[in-house]
Amino acid sequence: MTSPIVHTWRLLSWGRTLARHGALRGIERDPNTPARLRRLLRLARFGARVPEQPRYADAFEALGPAAIKLGQTLATRPDIVGEDAATGLLRLQDAVPPIPFSVVCAQLKASFGRPLDELFAEIEEVPVGAASIAQVHRATTTDGRRVAVKVLRPNVEEDFARAIDTYEWAAAQIEPMGGEIARLQPRLVIETFKRWTARELDLRREAASSSELAENMSAEPGFLVPAIDWQRTTGKVLTSEWIDGIKLSNRAALIAAGYDLRELARVLIHAFLRQAIADGFFHADMHQGNLFAVPGNRVVAIDFGIMGRIDRRARVWLAEILYGLITGNYRRVAEIHFEAGYVPAHHDVGEFATALRAVGEPMRGLPVKEMSIGMMLDSLFSITRDFDMITQPHLLLLQKTMVMVEGVATSLDPDINLWETAGPFVEEWIRNELGPEAAIADRLVADVRTLARLPELVRRIEARYPAPGGAPPAPPLRQIEVVRIGAGWRYVAVAAVSAAVAVGAMLIGTAW
């Protein structure tokens, strides 16, 4: 177990780095920041030269890989870090210098436990991408297939474990301060972040996520997922099909190649909605660098280290909320928030519906270039404090991904209307999932499952209440009053004492 002194030293060191970049100013000046935390922030920046304009992205990049991932998560939470910080963190880039090729080869050999020439005919020395967790090399297998080989950086698991250990400790110290800090549930936020990174640090889990998403997206032919080479994949190495395409970030190249940018944007939005609403399992890192266009106006996604999962109940709420905002049914959206427990019951549904109307009405009917999901989320976050809405960590990834998808769609087609594009898909899903036919089907499934459980239920009842055996039935026992004597919880059976006294008296009488 790490000593509190070590945690404190790390936090002070990180705090100094953040202070030198002006990244603590917003939290320090926020009136909702607890006084004790504000004093610690002032201590961290004592003597530091603070710039006029905060450089949030630079600060988190200076803190290392774990901080970069945490910063990317906080970029979607203006309710925690403030709007200025969230905007600044959106520029955060997960790009670091590559590790030497000799280290990569040693990592590959140790992971496979066999000579590399038995698996690959060639591995290019210069990586096609290098990030804080892993880097990717293009290679050719011994059977002539072009593949992408993703290799974890050495010791990255230990680096993340140390940082997250201190994040957890810090969250546990500040959450009991109460007030706004407690409402934001920092411990749950860090625990969710810890689970995300655990998946990203195990490349077998990433490969499994890729395989599962490929199966789910068979209904969306315009969205493709590279095939996994399981024979060349381990916990530290992932080998997948090589994709020859154009990154969606290269708009000029897409136009020169004759792609329909409006169709690419539509495919991307529909793919995201199918993942998040229909399947409840979605790619949660769909930025432009992870998306490629291939012939036929199809979109290919890579890098499945961060995935999100939402259960069916939450997906129904999400679909109804989106459809309510699209159609202007703010009353229903408000009711869903209360049914889901997002808003405490002591608040008024009508007042919350009015607050939602103030968010939704100014944005309806506008093209994305004039409104955004990010803008809508900022407005929604602004009312969460007024209605004591508790942070929902399981929705953090969804919020983050919605902002990403919107940004990519806007870059492809600035005039796209996200609501109009999403509306038909959401409406059809609600009709299929919540219509009369779906309700009857759900009831039949539930009843059949209940009937199937009856034999086991009968067996459990018999085990709890067995049939009478050979022993005679026990006589009925008289109700006995139990009283408390003295200051402690000590109970005396009054009837038992009385019986003992009576027996004693009988014995004395007999003796006489």
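Since the structure is predicted, the reported quantities are computational estimates derived from the model, not experimental observations. Note that the numbering runs from 1 along the sequence shown for the chain.
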Which heavy atom in F292 sits nearest to a heavy atom in K247, and how many Å separate them?
-> CE2-CG, 3.4 Å
Would you call the rings of F112 and F120 parallel, tilted or perpendicular if under 30° counts as parallel and over 60° as perpendicular?
-> tilted
Between R187 and E175, is there a salt bridge with N-O shorter than 4.0 Å?
-> no
Listed partners of H287 passing ring pair (Phe, Tyr, Trp, His ring centres under 6.0 Å), at least two apart | none
Pair listing, side-chain hydrogen bond (donor to acceptor under 3.5 Å, both in side chains) test, anchored in residues 103-115, at least two apart | S111-T234, R114-E118
Any donor-acceptor pair under 3.5 Å from R199 side chain to M307 backbone = yes
At what distance, to the nearest 0.5 angstrom, does CZ of F223 lie from CZ of R274?
-> 12.0 Å
Salt bridge between R55 and E61, side-chain N to carboxylate O under 4.0 Å?
-> no
Expected output: side-chain N290 to main-chain D285 donor-acceptor under 3.5 Å | yes
Of the non-hydrogen atoms in A334 and L356, which two are nearest, and what is the gap between them?
-> N-CD1, 3.7 Å
Could you pull out the closest heavy-atom pair between L116 and C105, with the gap in Å?
-> CD1-O, 4.1 Å
Could you tell me whether a side-chain N or O of Q135 sits under 3.5 Å from a main-chain N or O of I99, the two making a donor and an acceptor?
-> yes
Closest approach of F281 and S209, non-hydrogen atoms and distance?
-> CE2-O, 3.7 Å
If you measure from CD1 on I243 to CG on L291, what distance do you get to the nearest 0.5 Å?
-> 12.0 Å
Shortest non-hydrogen contact between Y167 and A66, atoms and distance | OH-C, 3.7 Å
Would you say T233's side chain and T239's backbone share a donor-acceptor pair under 3.5 angstrom?
-> yes
Determine, using ring centers only, whether H21 and Y56 are less than 6.0 Å apart.
-> no
Count the heavy atoms of every other residue, nucleotide or ligand shown that sit under 6.0 Å from CD of E456, and state whether that count exceeds 12.
-> yes
Kindly say whether V147 contributes a backbone atom to a donor-acceptor pair with the side chain of R232 at under 3.5 angstrom?
-> no
Check whether any side-chain heavy atom of E124 sits under 4.5 Å from a side-chain heavy atom of V126, and report yes or no.
-> no
Those residues at least two apart in sequence (or on a different chain) that pass side-chain hydrogen bond (donor to acceptor under 3.5 Å, both in side chains) with R251 are none
Give a yes or no on whether a salt bridge exists between E212 and R205, defined as a side-chain N under 4.0 angstrom from a carboxylate O.
-> no
Hey, is CH2 on W9 packed in by over 12 heavy atoms from elsewhere, all under 6.0 Å?
-> no
Nearest 0.5 Å please: distance from the OG1 atom of T401 over to the CD1 atom of I306.
-> 8.5 Å
Identify the residue among T166, D159, D165 that makes a side-chain hydrogen bond (donor to acceptor under 3.5 Å, both in side chains) with R162.
-> D159
Say whether, by atom type as modelled, one donor and one acceptor occur between the side chain of D348 and the main chain of G350 under 3.5 angstrom.
-> yes
State, yes or no, whether a side-chain contact exists between F160 and E200 at a heavy-atom distance under 4.5 Å.
-> no
Assert yes or no for the condition that the ring centre distance of F101 to H137 is strictly below 6.0 Å.
-> yes
Nearest 0.5 Å, what's the CG-CG distance between L248 and L268?
-> 7.0 Å
Closest heavy-atom pair and its distance - P154, V103 | CG-CG1, 3.5 Å
Hey, is E191 close enough to R195 for a salt bridge, meaning N to O under 4.0 Å?
-> yes
Do side-chain atoms of H283 reach the backbone of F272 as a donor and acceptor pair under 3.5 angstrom?
-> no
Verify the neighbour count for atom CD of Q53: are there more than 12 heavy atoms of other residues, nucleotides or ligands below 6.0 Å?
-> no
Show the numbers, then the answer: is there a side chain to side chain contact (heavy atoms under 4.5 Å, CB included) between L108 and L119?
-> CA-CA 10 Å; L108 290 171; L119 299 168; over 6 Å; no
Distance (rounded to the nearest 0.5 Å) between T197 OG1 and D202 CG | 11.5 Å
Interatomic distance, S210 atom OG to E241 atom CD [nearest 0.5 angstrom] = 9.5 Å
